[in-house]
Amino acid sequence: MSRIAILLFLSIAFSCSSCAQEPARYGIKVTDSYTHDRSAYTQGLFFYRDTLYESCGQYGESSFRKVNLADGRVLRRLNFDSEYFVEGSVVLDGRLYVLTWQEHKCFVYDASSWKYLGELYNFTEGWGLTTDGESLIMSDGSSMLYFLDPMTFLVRKKTEVKLGDKSVRFLNELEYIDGRVWANVYGSDQIVIINPDNGRVEGVVDCRNLLSRSLRTQTTDVLNGIACNPSDGSIYLTGKFWPRLYRIELVEK
């Protein structure tokens, strides 16, 4: 191969590589809106057997809830001692996992009865929690995703999340949707869609103005809470101390 041909090949390869690194950009379309408990400091949000569940934080106010989607009523509630700040939660193989923030514990319950089964040691902070059906997937506020053994909480692998060449820090609440991890970026109005195999951000979702100014108060906090209902693939978003929960669709920009 000639030098000119080699240079042309490398130029094309570099160009294609750069294109591959550029994530898709999305806006959102609200397709429905529901009442959400304004006192809920949302940390984890997910569906299990077609029912919405939510874990809520703050010392002295932490709880896990079964929620009626239609009107936001709390159908069942598990309160935690004031020494615990609850974070993300998920169900895997009939076991409910509820993270704590800085207490290095993940509580485990029977998913149906909520009978306490024990606790697992978490070596880092607990932020978001989801599952790919085999491992628990956890964030700790850094740019890392941890894939954990559900019986021991030991790390099976970890992946750094990057947008291009830049690490994406403050990964928070997580949801596993169609083979990708969706993550709230704490303090922002963005959700990143992550390839769990390599940590690459493949999509960025702009959620600005999801909650209208007219519904905001002095206590309204950040966007946080992603849930996908496996029964129909519908996606729901909310935030900490938000009065509304939204069903949304992605719109390509």
Linked, directly or transitively: Val205 and Val222 (ILVMFWY side chains, under 4.5 Å): no
Looking at Lys157, I'd like to know if its NZ atom is crowded, meaning that more than 12 non-hydrogen atoms belonging to other residues, nucleotides or ligands lie closer than 6.0 Å. yes
Intermediate values then yes/no, ring-ring contact (aromatic ring centres under 6.0 Å, His included), Phe47 and Tyr236: CA-CA 10 Å; Phe47 281 86; Tyr236 299 80; 5.2 Å; yes
Step through the shown structure and confirm whether more than 12 heavy atoms of other residues, nucleotides or ligands are within 6.0 Å of CG on Asp71. yes
What about Leu223 and Ile177, same hydrophobic cluster or not, with Ile/Leu/Val/Met/Phe/Trp/Tyr joined at side-chain heavy-atom distances under 4.5 Å? yes
Looking at every non-hydrogen atom in both residues, tell me the closest pair between Thr159 and Pro196 and how far apart they are. OG1-O, 3.7 Å
Step by step, work out the side-chain contact (heavy atoms from CB on, under 4.5 Å) result for Phe85 and Gln102. CA-CA 7 Å; Phe85 191 120; Gln102 294 183 320; over 6 Å; no
Can you name the nearest heavy-atom pair linking Ala111 to Val91, along with the distance? CB-CG1, 3.8 Å
Checking Glu175 side chain against Cys228 main chain: does a donor-acceptor pair fall under 3.5 Å? yes
I would like to know whether Tyr186 and Glu173 meet side-chain contact (heavy atoms from CB on, under 4.5 Å); could you show each step before the answer? CA-CA 8 Å; Tyr186 181 73; Glu173 213 270 323; over 6 Å; no
Once the angle between the rings of Phe64 and Tyr53 is folded into 0 to 90°, is it parallel (under 30°), tilted (30 to 60°) or perpendicular (over 60°)? parallel
How long is the span from the OG atom in Ser63 to the CZ atom in Arg65, to the nearest 0.5 Å? 4.0 Å
Would you check if there is a donor-acceptor pair between the side chains of Tyr109 and Lys115 at a distance under 3.5 Å? no
Inter-residue atom distance Leu136.CG - Met151.CE, 0.5 Å rounding: 10.5 Å
Beyond-backbone contact of Ile137 with Leu174, side-chain heavy atoms, under 4.5 angstrom: yes
From the list Trp101, Phe241, Trp242, Tyr59, ring-ring contact (aromatic ring centres under 6.0 Å, His included) partner of Tyr41 resolves to Phe241
Could you see if Val185 belongs to whatever hydrophobic cluster contains Ile191? Use Ile, Leu, Val, Met, Phe, Trp, Tyr and a side-chain cutoff under 4.5 Å. no
Between Asn122 and Phe153, does the side-chain contact (heavy atoms from CB on, under 4.5 Å) criterion hold? Intermediate values first, please. CA-CA 7 Å; Asn122 180 17; Phe153 227 64; 3.7 Å; yes
Can you check whether Phe107 and Phe80 have ring centres sitting under 6.0 Å from each other? yes
So, Glu249 and Thr31: side-chain donor and acceptor under 3.5 Å apart, yes or no? no
Consider only side-chain N and O atoms of Ser234 and Asn229, and report whether a donor and an acceptor are under 3.5 Å apart. no
side-chain contact (heavy atoms from CB on, under 4.5 Å) assessment of Thr238 paired with Arg244: CA-CA 7 Å; Thr238 191; Arg244 308 298 295 175; over 6 Å; no
I would like to know whether Glu160 and Ser167 meet side-chain hydrogen bond (donor to acceptor under 3.5 Å, both in side chains); could you show each step before the answer? CA-CA 7 Å; Glu160 184 173 19; Ser167 299; 2.5 Å; yes
Within-4.5 Å side-chain heavy-atom neighbours: Lys253 and Tyr26: no
Are side-chain heavy atoms of Lys162 and Val201 found at a separation under 4.5 Å? no
Taking every heavy atom of Leu215 against every heavy atom of Thr220, the minimum-distance pair comes out as O-OG1, 4.2 Å
Hydrophobic clusters here meaning ILVMFWY residues chained together by side-chain heavy-atom distances under 4.5 Å, can you tell me if Leu92 and Val155 are in one? yes
Nearest atoms (heavy-atom pairs only) where Thr100 meets Tyr84: CG2-CD2, 4.0 Å
Given the options Leu117, Thr131, Val108, Tyr97 meets side-chain contact (heavy atoms from CB on, under 4.5 Å) only with Val108
For Asp232, does the CG atom sit with more than 12 other heavy atoms under 6.0 Å from it, leaving out its own atoms? yes
Side-chain ion pair, Asp221 and Lys240, N-O less than 4.0 Å: no
Parallel, tilted or perpendicular: rings of Tyr146 and Phe123 (30°, 60°): perpendicular
With rounding to the nearest 0.5 angstrom, report the CG to CZ distance, Leu211 to Arg213. 10.5 Å
Heavy atoms of Ile193 and Arg180 approach each other most closely as CG2-CB, 3.8 Å
Group every Ile, Leu, Val, Met, Phe, Trp and Tyr by side-chain heavy-atom contacts under 4.5 Å, then state whether Leu69 and Phe46 land in the same group. no
Between the side chains of Glu202 and Asn195, does any donor sit under 3.5 Å from an acceptor? yes
Should Leu45 and Ile226 count as side-chain neighbours, where that means a heavy-atom distance under 4.5 Å? no
Salt bridge check, Asp37 against Arg73: does any charged N sit closer than 4.0 Å to a carboxylate O? no
Answer yes if the side chains of Thr51 and Arg49 hold a donor-acceptor pair under 3.5 Å, and no otherwise. no
What distance separates Glu134 CD from Asp93 CG, expressed to the nearest 0.5 Å? 9.5 Å
I want to check something: taking the side chain as every heavy atom from C-beta on, are Val161 and Ser139 in contact at a cut-off of under 4.5 Å? no
Take atom CZ of Arg76 as the centre, draw a 6.0 Å sphere, and report whether it contains more than 12 heavy atoms from other residues, nucleotides or ligands. yes
Beyond-backbone contact of Tyr48 with Leu96, side-chain heavy atoms, under 4.5 angstrom: no
Do Ser135 and Arg156 have side-chain atoms, one donor and one acceptor, less than 3.5 Å apart? yes
Near Glu83 CD, under 6.0 Å, is it more than 12 heavy atoms from other residues, nucleotides or ligands? yes
Evaluate Tyr121 against Lys105 for side-chain hydrogen bond (donor to acceptor under 3.5 Å, both in side chains), listing each step before the verdict. CA-CA 5 Å; Tyr121 175 76; Lys105 292 183 180 182; over 6 Å; no
Under a 3.5 Å cutoff, is there a donor and acceptor pairing between the side chains of Ser89 and Gln43? no
Closest non-hydrogen atom pair, Pro150 against Arg95: O-NH2, 4.0 Å
With a 4.5 Å limit on heavy-atom distance, are the side chains of Cys56 and Glu61 in contact? no
Thr42 versus Glu54, side-chain donor and acceptor atoms under 3.5 Å: yes
Could you tell me whether Asp206 and Arg208 have a side-chain N and a carboxylate O separated by less than 4.0 Å? yes
If I take atom OH from residue Tyr246 and atom CG from residue Leu210, how far apart are they, to the nearest 0.5 angstrom? 5.5 Å
Roughly how far apart are Cys106 SG and Leu148 CG, rounded to 0.5 Å? 8.5 Å
Indicate yes or no: at least one non-hydrogen side-chain atom of Val86 is less than 4.5 angstrom from one of Val98. yes
